[in-house]
Structures are given as C-alpha cells and as structure tokens.
Amino acid sequence: MRKIHLYRLIVLCFFCLSAKAQRPGAVIDVRHYGFNIKLSDESDTIKGKADVSVWFLKNVQSFQLNLVKRNDSGRGMLVSAVLENGKPVGFKQDGDDVTIFTLATKNQQRTFSVIYQGIPADGLIISTNKFGHRTFFGDNWPNRTHNWLPCVDDPADKALVDFTVTAPDHYQVIANGLKLDEKELPGKMKQTHWAETARLPTKVMVIGVADFAIDHPADVNGIPVYTYVFPENSAVGFKSYAVATEILPFYSSRIGPYAYKKLANVQSKTIFGGMENASAIFYYENSVSDRGIEALMAHEIAHQWFGDAVSEKDFHHLWLSEGFATYLTNYYLENKYGVDTLKKRLAADRVKIFRLERTHLRPVVDTAETDYMKLLNANSYEKGNWVLHMLRRQLGDDVFWKGIRTYFAKYNGGNANTADFRQVMEQVSGKNLGVFFKEWLNTAGHPDLAVSWKYNAANHTVNIQVDQKQSNLYVFPLEVSVDGQLHTINMADRTAIVNISAGPNPPVIKVDPDVNLLASFVVTEAK
C-alpha cells in the first residue's frame with residue numbers, strides 16, 4: 001500500500017507541471033495513461049480500458065486521441081464507449097482517430113475512459129516465439145502505438161503510464177516502471193500492475209507477456225537489473241545479458257543519473273534488433289547468442305538517456321536519439337577496449353555513410369521525409385554519431401562531456417530538437433557552432449578531398465595541397481601526419497597549401513590518421 005500511495009502523490013504533483021513540448025497546434029497535453037489490457041490464449045482479441053488524464057491547452061468543444069479503427073479484414077480497435085466519471089461522453093471513431101465531444105476550458109484537467117477491443121493490426125505483436133510458445137510484445141516505434149492503445153501517438157506528448165494486464169496465469173508480464181501488484185484471479189488468470197513515474201513518449205510504452213525465465217544479476221546504484229529470456233535460452237541469456245551491469249554504471253557516471261526505477265533486458269519478438277522501451281528494453285529472439293550483444297545492449301541502454309528520458313520533439317531530429325546511442329556505444333567500447341576500437345568502428349561507420357549517399361543524398365535533419373521508417377538509415381545513426389565525434393574533437397573531452405551532461409540535465413523528462421542541443425553546447429563551450437551544425441546536420445554530403453604532397457629534398461620540407469572537390473565548401477580541421485608528427489590544416493576555402501618541415505628522407509604521409517574527420521580522401525604524391 002505504501003508504494004501505491006506514494007505513486008498517487010507523484011501523479012498528483014505531476015498534474016501541477018506545465019507542458020514542456022507538444023505537437024504544434026495541440027489542444028491537449030496527456031498527463032497520465034492508465035491502460036487496462038485483457039489478453040487470452042483463445043483469441044488474438046484484446047479487451048482494453050484506457051483512462052486518459054488530459055490537461056486542456058485551449059478552450060475546446062472536442063479533442064482527439066489516436067486509435068486505429070477496425071478495418072475490413074477485422075483488424076483494428078472498435079470503441080464501444082467513452083466515459084467521464086462513469087457517465088457516457090459523445091464520441092466518433094473514424095480512421096486513425098477517436099473524436100471525443102466535450103466542452104472544456106483552458107488549464108482544466110480531466111480524465112476520460114475509453115472502452116474498446118479488437119485484434120491489433122500492428123503495435124502489439126501477438127505470435128509465437130522460436131520455440132513455438134505464444135507471446136505478446138509491444139513494438140511501437142515510431143508511431144505504431146495507436147494500433148492498440150488510445151493515445152496521442154507523438155513523441156512530443158510525454159506522460160506517466162500504468163499498465164494493468166490480465167492474462168492467463170502461466171505468463172509473466174514485464175512493462176515500464178515498477179511492479180506494484182500481482183494477484184491471482186479466478187479461471188486461472190492473473191492480473192499484474194506496473195507503473196512508471198517518469199514521463200515517457202508513447203513510442204517506448206510497452207508490455208511483454210510470455211513464459212519467461214527471470215534473473216536478477218545485480219543492483220547498480222540502487223537500480224535493480226533484470227533479465228527476462230525464454231526458459232529454453234536461460235543459460236546463455238542470463239550470461240550474455242549480464243553485461244548490462246557494466247554498461248549501466250558507465251553511462252550513469254558519464255551522463256547523469258539513470259531516469260528509471262529498474263532496467264529489464266528482455267528477449268522478445270520485435271521487428272528491430274533492439275527496441276529501447278523505457279526500463280524494459282526488448283531484443284530480438286536470437287540476441288542471446290549474438291556475438292555483438294555487448295554493443296547492441298550498449299546502444300539500447302544509451303537510449304534510456306537519449307531517446308527516452310530526453311526525447312526528440314519530432315522524428316526529423318531522430319539523430320538526437322540514434323546518433324547519440326551509436327556514439328555512446330562507440331565511447332563505451334573505446335573506454336573498455338581502447339581507442340583503436342573506436343577508430344575501427346568510426347572507419348566502418350564512414351563507409352556506411354558514403355554508401356548511403358550514393359542513392360540517398362539527404363541531410364541528417366531531413367525535414368522533407370514523411371515516412372519515419374526511412375529515417376532509420378546511416379544518416380540518423382552513423383552520421384549523427386560522426387557529428388558528435390567531430391564535435392568532441394573540436395571542443396575537447398572536458399567541454400564536450402560537460403555539454404552532454406548539461407543537455408541531459410536540462411531536458412531530462414522532456415523534449416529537445418537540434419537547435420536546443422546546439423544552444424546548450426554553445427553555452428558550455430562559449431563558441432558559436434552555427435557553421436558546424438549547418439554543415440554537418442543541415443547539408444547533404446561530406447568533404448571530398450584531393451590531397452597532394454611533394455617532398456623538397458633541398459630544404460627538407462614537404463608541400464601539401466588540399467582541394468575540396470565537392471560543391472558545398474566546409475570549414476574543418478584536417479589532421480595530417482608527417483613521419484608520425486601530427487599537423488593540423490585548417491580548411492576554410494576551396495584550397496589550402498602548407499609547407500611542413502620533414503626529415504632527410506622522403507616522409508611517410510598519412511591523412512586523418514586518428515579517424516577524426518568525416519571525409520573522403522584521394523592522396524597522391526606530386527611529381
């Protein structure tokens with residue numbers, strides 16, 4: 001009872017807070033979702049009751065929640081009633097929305113209950129795992145939540161969430177937050193109540209229902225770390241997933257406190273390799289034996305800070321999630337295995353970026369793209385990661401990581417876009433980063449450099465000429481090693497020519513030896 005009373009107090013206090021970010025033109029700010037879901041082994045039909053507490057941002061006569069209506073194939077959700085304080089409220093369900101008719105005034109907070117049922121068209125994957133056992137897994141990214149939950153399916157509207165799941169008693173249920181209650185019901189059923197006290201975007205609100213083997217390898221700074229895997233994979237899964245107990249404290253010490261009350265790593269059915277659901281990360285079925293499991297888990301756990309706790313205001317700024325998680329993975333592996341690991345991974349990422357550009361020459365912040373799934377590309381992941389690496393090298397480690405910590409602290413629990421991140425980094429560094437952000441995030445392509453050098457034996461110098469061949473000029477530092485000595489050529493024009501002292505013999509020239517510039521190079525010795 002004490003946990004439940006404390007939770008209600010937190011929810012009550014939360015209603016006093018103002019919205020940090022909403023979809024432009026929004027009339028409501030959802031403050032809390034209470035999802036009651038009933039699952040069955042006899043049918044894929046789910047029965048739901050969603051208690052949605054909203055704060056009205058305007059005077060309105062109606063507002064909308066997103067929920068996919070049942071289609072001709074029989075998939076989708078059908079709303080049977082909308083209630084307020086137990087009394088019917090008028091509504092209309094059409095397409096992807098439920099319009100609720102009510103007179104409301106600005107700065108008013110009210111709670112509506114949506115009663116519905118249906119077979120999810122998407123969002124909740126009801127199927128069997130690789131061992132033939134029935135499973136239920138939420139899989140919401142980017143905006144697939146409204147296939148099974150009434151909500152505002154947009155990352156800008158973050159809210160608290162409770163899941164109360166009624167299912168056959170042979171299942172275990174995992175969801176966001178902490179488990180507040182679990183009780184047996186008649187008819188071999190069980191009800192499980194999970195509650196999250198941090199604000200989440202709908203994309204990372206989930207349940208997972210399956211026959212699980214559960215391990216608790218450690219607590220990290222008071223945060224319990226759990227492993228949920230299929231029983232047949234318990235031996236290998238408990239061992240491989242335990243690396244989370246190393247990753248979690250690393251990020252906590254570098255970025256800031258972990259935002260949630262637990263970390264569960266879950267073997268699941270998901271269309272992704274991993275999905276960063278807040279405090280309940282889902283990994284694909286064969287991840288338990290994946291040789292790259294440490295990097296995969298480092299990526300998804302990094303999302304708990306960037307993507308979950310700090311969410312993008314809209315999906316066009318996805319690099320603030322995926323680019324951050326990619327670079328933080330590289331940073332974690334650099335610290336564990338050495339800087340050469342970082343260099344190898346950056347070099348491989350550079351190849352992926354250039355490969356994408358041959359067929360998809362678009363900026364990282366691609367506001368023209370309307371299919372969010374297409375944003376899951378090397379621009380959002382690998383190029384976003386490269387942008388952070390170059391910014392780190394430009395600002396230096398102390399300033400860069402101070403900026404990352406400041407950015408997290410400022411927007412934890414809220415939303416940010418690229419301009420917000422830039423503003424924080426400028427404040428911390430004292431530098432104007434406008435050119436840097438425009439070049440690397442708002443401009444398609446990369447520097448394509450022709451580097452030629454000629455050794456002068458008479459005075460023991462080497463003449464180096466660097467030409468930018470691409471149409472858009474970039475401003476950047478280019479590192480060149482001459483016989484192991486590192487020199488920096490500051491590029492601001494189409495061409496730069498420098499003379500560098502060398503030894504008595506023709507030098508060994510290496511361009512970008514430490515893999516610090518996202519550029520392509522053709523290096524030749526002039527005759």
Side-chain angles (χ1 to χ4, degrees), residues 141-142 155 201 203-204 251 254-255 272-276 295-334 342-343 345-357 360-367 369 372-395 400-401 403-408 411 415-425 433 436-446 476 515-519:
W141 200 95
K203 64 176 182 172
V204 294
Y251 290 147
R254 266 62 172 191
I255 305 169
F272 306 109
M275 181 57 216
E276 62 268 18
L296 175 59
M297 296 189 80
H299 182 100
E300 302 306 332
I301 293 173
H303 272 308
Q304 304 299 293
W305 281 263
F306 299 109
D308 294 5
V310 179
S311 305
E312 61 273 20
K313 286 181 179 176
D314 69 71
F315 287 111
H316 298 111
H317 297 266
L318 182 62
W319 83 278
L320 293 170
S321 173
E322 297 300 347
F324 272 59
T326 303
Y327 192 61
L328 286 169
T329 299
N330 287 340
Y331 179 56
Y332 165 79
L333 295 172
E334 173 195 3
L342 173 65
K343 292 178 184 179
R345 292 178 67 86
L346 286 169
D349 291 345
R350 192 160 56 187
V351 171
K352 293 179 185 178
I353 296 164
F354 297 163
R355 185 186 302 128
L356 175 69
E357 286 183 359
H360 188 82
L361 188 61
R362 305 282 280 272
V364 172
V365 182
D366 188 358
T367 56
E369 183 57 76
Y372 300 144
M373 283 290 186
K374 290 183 179 179
L375 293 174
L376 298 176
N377 59 39
N379 273 343
S380 297
Y381 287 76
E382 285 83 4
K383 191 169 183 179
N385 143 76
W386 255 102
V387 169
L388 291 172
H389 180 66
M390 291 186 293
L391 186 59
R392 176 186 172 191
R393 291 295 186 247
Q394 180 170 320
L395 300 182
F400 175 79
W401 291 112
I404 296 296
R405 290 190 296 271
T406 303
Y407 173 62
F408 172 72
Y411 291 103
N415 299 75
N417 62 19
T418 302
D420 298 317
F421 175 59
R422 172 190 162 189
Q423 183 180 47
V424 169
M425 299 308 286
L433 299 172
F436 179 92
F437 274 69
K438 180 181 179 182
E439 287 178 345
W440 297 109
L441 294 167
N442 298 113
T443 304
H446 66 274
F476 57 88
V515 197
N516 285 327
L517 180 65
L518 181 60

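Along the sequence shown, the residues carry numbers beginning at 1.
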Would you check if L518 and F476 make a side-chain contact, meaning some heavy-atom pair closer than 4.5 Å? no
Might you point out which heavy atoms bring S321 and G307 nearest each other, and give the distance in Å? OG-CA, 3.5 Å
Kindly determine whether D349 and Y327 satisfy side-chain contact (heavy atoms from CB on, under 4.5 Å), including the steps that lead there. CA-CA 10 Å; D349 291 345; Y327 192 61; over 6 Å; no
side-chain contact (heavy atoms from CB on, under 4.5 Å) between L318 and D366: does it pass, once the steps are laid out? CA-CA 9 Å; L318 182 62; D366 188 358; over 6 Å; no
Quick one: do L346 and N516 satisfy side-chain contact (heavy atoms from CB on, under 4.5 Å)? Show the steps, please. CA-CA 8 Å; L346 286 169; N516 285 327; 5.5 Å; no
Short side-chain to backbone donor-acceptor contact, S311 and D308, under 3.5 Å: yes
First locate atom CD1 of I301, then atom NE2 of H303, and finally report the distance between them rounded to the nearest 0.5 Å. 11.5 Å
Could you tell me which non-hydrogen atom of W386 sits nearest to which non-hydrogen atom of V515, and how far apart they are? CH2-O, 3.5 Å
Without swapping roles, check the side chain of S380 against the backbone of L375 for a donor-acceptor pair under 3.5 Å. yes
Within the 6.0 Å centroid threshold, strictly below: Y331 and F400: no
Is there a donor-acceptor pair under 3.5 Å between the side chain of N377 and the backbone N or O of L356? no
Indicate the atoms forming the closest heavy-atom contact of P142 with K203, along with that distance. O-CB, 3.6 Å
Taking the side chain as every heavy atom from C-beta outward, state whether Y251 and F306 have any atom pair closer than 4.5 Å. no
Going from CD on E312 to CZ on F324, what distance comes out if it is rounded to the nearest 0.5 angstrom? 11.0 Å
Any carboxylate oxygen within less than 4.0 angstrom of a Lys/Arg side-chain nitrogen, looking at R254 and E334? no
Is a side-chain donor or acceptor of W319 paired with a backbone partner of V365 at a separation under 3.5 angstrom? no
So does E382 pair up with R355, basic N to acidic O under 4.0 Å? no
Spacing of R422 atom CZ and L391 atom CG [to the nearest 0.5 Å]: 11.5 Å
Apply side chain to side chain donor-acceptor pair (under 3.5 Å) to residues H316 and T367 and explain how you reach the verdict. CA-CA 6 Å; H316 298 111; T367 56; over 6 Å; no
Using modelled atom types only, decide if a donor and an acceptor are shared between the side chain of Q304 and the backbone of A309 within a distance under 3.5 Å. no
Side chain to side chain, Y381 and I353, heavy atoms closer than 4.5 Å: no
In Å and rounded to the nearest 0.5 Å, what is the CG to NE2 distance from L328 to H299? 9.5 Å
Stepwise, does the side-chain contact (heavy atoms from CB on, under 4.5 Å) test hold for F421 with L441? CA-CA 12 Å; F421 175 59; L441 294 167; over 6 Å; no
Quick one: does any side-chain atom of Y411 pair with a main-chain N or O of N417 as donor and acceptor, under 3.5 Å? no
Is there a side-chain contact between I404 and W305 in this structure, where contact means two heavy atoms from C-beta onward sitting under 4.5 Å apart? no
Would a distance-only check, ignoring hydrogens and angles, find a side-chain to backbone donor-acceptor pair under 3.5 Å from K383 to G323? no
Separation between CH2 of W141 and CD of E276, rounded to the nearest 0.5 Å: 8.5 Å
Could you tell me whether the side chain of H389 reaches within less than 4.5 Å of the side chain of N330, counting heavy atoms only? no
Are the side chain of R350 and the backbone of L517 linked by a donor-acceptor contact shorter than 3.5 Å? yes
Closest non-hydrogen atom pair between D420 and K313, with its separation: OD2-NZ, 3.1 Å
